[in-house]
A.B. asks: 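Sending over a structure as structure tokens; questions will come in a sec.
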Amino acid sequence: MNDKSPEGTQPLTNSVIADEQQPTVITPEPEDTGRRLDAVLAAHIDDFSRNRLQALIRAGQVQIGQRTVLEPKYRVCAGDTITLIVPEPEDAEPQPEDIPLNIVFEDDDLIVVDKPAGLVVHPGAGNPTGTLVNALIHHCGSSLSGIGGVKRPGIVHRIDKDTTGLLVVAKNDMAHQGLAAQFADHGKTGPLERAYKALVWGAPTAPKGTVDANLARSTANRQKISVLKTGGRHAITHWQVQERFGPQDAAPVASLIECRLETGRTHQIRVHMSHIGNPLIGDMDYGSGFRTKYNKFQEPLKTQLADFKRQALHAGLLAFAHPRTQEFMKFESELPADFAGILQSLRKI
């Protein structure tokens, strides 16, 4: 029997990977061939830094086919199947916190909430408490689904901390499985609908369009997302201009756009709109160069913009089939007051 292993690997029988842990399986894209293993993992997985992925590789948590790879510099080959298994988090379980919730709908299976700006969805680095999950545990008690993991009980989808609007949370495993399947489909064949209102600088020349641009963690700043010509994760955003703002004899200074996602990537709308030259108002990560425009406006718009310290993005429409009854459920959320105030002022330009 030939027991030799490729450089940087060891036989699967010596793997430290626990059988009970849930794997993430990645099929590399053709352009991944020849790239370092840690770089390929970083391009396909948003939740971990490259340093964290390197540590997981060295700890024996990554397999190529039937062998455990121990070297981050391993070069990915055509046909490789990569399996990553992340150990269960050692952090303490989130504790219930009496945080007010704007509940739009609730039954025995699910709860729909209208999230305010500033509320993080689940605990993570820098936000161990004070999250939507902490509030839900207080409200729902032990009924929350555990499929999302210890730190994300019941969470089916997320929106950014400073994005406002609608989320649905599962209260049991049946609901979690049914809703997760719909979100994974992104409405391509099923009933799921998600629409966002975005206030952006300027306006696209066309009335509607699609951004099809792959996304990945920025190598310069792991907190940001970048558009890649090759590699990364496939991302598609459909947009439609609803209003343009500014003098009739001049180019629009801003516009209200509806965005619908065909994929659900981190910061997708924010990065895609910036990519086409129309970053979101208030977005200091992807549109900081536009902040100087504030001084060109008259009051009260000038002050409204200066005080608006988040991206102007609102998850205003959410529709899905109830996982138990299959009833079509549709919810709409009004714009928050600060967003609506800027919108009204822009209409007066």
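As the structure is a prediction and not an experimental result, all values here were calculated from the model.
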A.B. asks: For H139 and D98, run side-chain hydrogen bond (donor to acceptor under 3.5 Å, both in side chains): C-alpha distance rounded to whole Å, both residues' side-chain angles, the deciding distance at 0.1 Å, then the answer.
C.D. replies: CA-CA 8 Å; H139 177 78; D98 189 4; over 6 Å; no
A.B. asks: Let me have the donor-acceptor pairs involving side chains of residues 125-133, under 3.5 Å, with sequence neighbours excluded, atom names and distances please.
C.D. replies:
{"unit_1": "T131", "atom_1": "OG1", "unit_2": "V133", "atom_2": "N", "d": "3.3"}
{"unit_1": "T131", "atom_1": "OG1", "unit_2": "N134", "atom_2": "N", "d": "3.3"}
{"unit_1": "T131", "atom_1": "OG1", "unit_2": "N134", "atom_2": "OD1", "d": "2.7"}

A.B. asks: For the residue pair Q63 / T68, report whether a side-chain donor-acceptor contact shorter than 3.5 Å exists.
C.D. replies: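 Per modelled atom types, T68 and Q63 side chains form no pair under 3.5 Å.
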A.B. asks: Minimum heavy-atom separation for Q182 and L192, please, with both atom names.
C.D. replies: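 Looking at all heavy atoms of both residues, the closest pair is O-CD2, 3.5 Å.
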A.B. asks: With a cut-off of 3.5 Å and sequence neighbours excluded, list every side-chain donor-acceptor pair involving residues 195-205.
C.D. replies:
{"unit_1": "Y196", "atom_1": "OH", "unit_2": "R194", "atom_2": "NH2", "d": "2.7"}
{"unit_1": "K197", "atom_1": "NZ", "unit_2": "Q242", "atom_2": "OE1", "d": "2.6"}

A.B. asks: When you check the gap from the basic side-chain N to the acidic O, do E258 and R260 get nearer than 4.0 Å?
C.D. replies: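 Salt bridge: yes.
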A.B. asks: Above 12 or not: heavy atoms from other molecules or residues under 6.0 Å from CG of D108?
C.D. replies: no
A.B. asks: Does any donor atom in the side chain of S333 or H314 lie under 3.5 Å from an acceptor atom in the other side chain?
C.D. replies: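 Yes, H314 and S333 have a side-chain donor paired with an acceptor closer than 3.5 Å.
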A.B. asks: If we check salt bridge (Lys or Arg N to Asp or Glu O under 4.0 Å) with R310, which of these qualifies: D283, D338, D162?
C.D. replies: D338
A.B. asks: Could you note down all residue pairs passing salt bridge (Lys or Arg N to Asp or Glu O under 4.0 Å) where residues 284-306 supplies at least one of them, sequence neighbours left out?
C.D. replies: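 Counting only pairs at least two positions apart or across chains, the salt bridge (Lys or Arg N to Asp or Glu O under 4.0 Å) contacts touching residues 284-306 are R270-D285.
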A.B. asks: Are D185 and K188 within salt-bridge range, i.e. N to O under 4.0 Å?
C.D. replies: no
A.B. asks: Going by atom types alone, do R233 and H44 pair a side-chain donor with an acceptor below 3.5 Å?
C.D. replies: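 No, H44 and R233 have no side-chain donor paired with an acceptor closer than 3.5 Å.
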A.B. asks: What are the two closest heavy atoms between I137 and L144, and how far apart are they?
C.D. replies: CG1-CD1, 3.9 Å
A.B. asks: Test salt bridge (charged side-chain N to carboxylate O under 4.0 Å, His left out) on E71 and R58; report intermediate values, then the result.
C.D. replies: CA-CA 6 Å; E71 289 293 337; R58 294 189 180 103; 5.7 Å; no
A.B. asks: I would like to know whether Q304 and S345 meet side-chain hydrogen bond (donor to acceptor under 3.5 Å, both in side chains); could you show each step before the answer?
C.D. replies: CA-CA 9 Å; Q304 288 174 317; S345 295; 2.6 Å; yes
